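Down below is the structure, laid out as structure tokens.
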Amino acid sequence: MRFVHDTLPQRVRFATGAAREGLAAEIDALGARRVMVVAGAGEWDLADRVTAGLPVVHHHDDVVMHVPVEVAERARAAAAAWDADILVSVGGGSTTGLAKAVALSTGLPIIAVPTTYAGSEATAVWGLTEDSVKTTGTDARVLPRAIVYDAALTLSLPAGLSVASGLNALAHCVDSMWAPRTDPINQALAVEGVRALQAGLPLVGKDPGALEGREQALYGAYLSAVAFASAGSGLHHKMCHVLGGMFNLPHAQTHAVVLPHVLAFNVPFAEEAERRLAAAFGSRTAVEGLAWLRDELGVPRSLHDLGMPQEGVGAVAEAVVAAAPAGNPAPVTLEAITELVRNAWEGADPR
Ligand code: NAD
């Protein structure tokens with residue numbers, strides 16, 4: 001056995017119903033005295049709840065999805081003006097992303113309190129958008145020093161958004177089984193992530209206000225982010241990236257439509273991954289397990305429904321073949337990928 005795995009240095013605290021206490025302990029451990037809270041307008045109430053009684057010098061609510069550079073600059077200026085010595089982000093991936101942009105240029109530590117299943121808190125990846133072009137990079141400074149997970153903070157996330165971002169996390173797990181830097185550690189985390197998401201998401205869909213499903217989904221989302229950050233982007237993510245870029249399709253729904261097709265495409269060439277994914281889904285085959293979950297959650301089935309034009313199939317297939325990671329289990333030919341994209345466009349059963 002030979003492989004190299006980087007484990008990112010970060011403390012993770014699961015604290016259902018006790019985010020405030022957990023956050024206070026993490027701030028103490030870092031010796032911080034001047035907290036800048038980053039939380040968007042929709043996350044304000046949650047942030048107020050978890051930062052009550054902490055040494056907060058500034059609340060920053062100027063959060064915009066995909067972190068436009070001017071938004072990052074304003075947040076950096078606020079951190080300097082208030083002489084903050086720590087950033088506490090309370091919110092989804094957009095909020096975590098803004099805290100990361102500040103940490104990137106200032107080196108300030110971040111404690112992340114996530115309120116969605118995006119998973120940005122467990123990666124060292126930052127993203128900034130300028131003139132509609134998003135640039136991403138990896139930098140150790142942006143990795144939050146600690147994460148405080150409290151499933152009670154996700155109860156207000158609407159069911160549709162919860163299921164969509166949960167399926168995105170599931171896609172991270174499945175793709176991690178064959179992504180360019182996949183290794184036994186990533187795979188162990190990914191299959192446990194699938195098990196947790198498969199257990200949690202149907203409960204969240206049925207009863208968004210119940211904690212049990214939320215806890216499993218949050219735990220699974222964390223594992224998915226750790227696996228994905230280490231394993232990198234596999235065929236599925238390359239394909240979604242191409243689709244998103246060409247047709248501006250909705251991110252999470254695109255994942256939900258494409259994933260069963262990539263899974264069915266790869267499993268005949270990835271027996272071990274198939275066996276482990278099937279076990280994690282608790283089903284006879286991985287494809288059946290994902291089909292069950294998709295039906296249970298009632299997610300969209302075709303790229304056609306998401307607004308992709310049929311004449312785009314050929315261009316997507318060509319771009320996917322060009323971008324496909326070397327070492328994908330199934331041979332990536334133009335013919336095979338064209339069929340896959342056509343099936344996903346039609347909403348045909350995955351083959
Ligand atoms: P988001 O952060 O944009 O949040 C979506 C909406 O949900 C917002 O309006 C927010 O106010 C609201 N919201 C958040 N938590 C809530 C709660 N508990 N209750 C009610 N409303 C709530 O969406 P997201 O999917 O979490 O993050 C998407 C962004 O994160 C994208 O920009 C994506 O590129 C980025 N991302 C980055 C990484 C990384 O590793 N750098 C990983 C995943 C996602």
Side-chain angles (χ1 to χ4, degrees), residues 8 10 16 19 38-50 60-69 71-72 89-104 110 112-129 132-144 147-173 175-176 204 208-209 211 214-215 217-218 221-233 237 240-241 244-245 248 250-256:
L8 298 179
Q10 180 178 63
T16 301
V38 183
E43 299 149 347
W44 199 243
D45 288 350
L46 299 172
D48 265 355
R49 251 160 68 188
V50 302
H60 195 81
D61 68 353
D62 178 17
V63 173
V64 179
M65 179 125 98
H66 301 314
V67 199
V69 284
V71 171
S89 61
V90 184
S94 300
T95 295
T96 314
L98 181 59
K100 284 178 162 183
V102 177
L104 183 65
I110 302 173
V113 185
T115 63
T116 72
Y117 307 131
S120 173
E121 64 280 359
T123 83
V125 178
W126 54 266
L128 283 166
T129 303
S132 310
V133 179
K134 186 165 179 178
T135 307
T136 60
T138 303
D139 194 303
R141 277 176 302 182
V142 310
L143 180 76
I147 309 174
V148 179
Y149 284 114
D150 177 351
L153 302 177
T154 65
L155 291 174
S156 51
L157 193 64
L161 210 57
S162 303
V163 162
S165 89
L167 282 172
N168 205 352
L170 187 81
H172 289 154
C173 293
D175 225 20
S176 292
V204 172
L211 263 181
R214 295 286 189 181
E215 285 187 310
L218 199 55
Y222 164 71
L223 295 175
S224 82
V226 176
F228 185 62
S230 170
S233 282
H237 282 82
C240 290
H241 191 78
N248 199 21
H251 183 74
Q253 288 85 338
T254 305
H255 278 278

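Just so you know, these numbers come straight off a predicted model, no measurement behind them. All ligand and atom numbering here is 1-based and tracks the order in the structure.
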### Task
Could I get the full list of ring pair (Phe, Tyr, Trp, His ring centres under 6.0 Å) partners for Y149, not counting sequence neighbours?
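If we apply the ring pair (Phe, Tyr, Trp, His ring centres under 6.0 Å) test to Y149, skipping adjacent residues, the hits are F14, Y222.
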May I ask you to decide if [Y]'s main-chain N or O and [X]'s side chain share a donor-acceptor pair within less than 3.5 Å?
X    : Y    : value
Q253 : A164 : no
R214 : V204 : no
S230 : V226 : no

### Task
Can you tell me which residues line ligand 1 if we count any heavy atom under 4.0 angstrom from one of its atoms, in chain and number order?
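Heavy-atom contacts below 4.0 Å: G42, E43, L46, M65, H66, G92, G93, S94, K100, T115, T116, A118, S120, T123, V125, K134, L153, T154, S156, L157, L161.
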### Query
Given the side-chain rings of H237 and H241, with only the six-membered ring counted for Trp, is the space between their centroids under 6.0 Å?
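No - the distance between ring centres of H237 and H241 does not fall below the 6.0 Å cut-off.
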### Task
Check whether any side-chain heavy atom of W126 lies under 4.5 Å from a side-chain heavy atom of T136, and answer yes or no.
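No, every pair of side-chain atoms sits at 4.5 Å or beyond.
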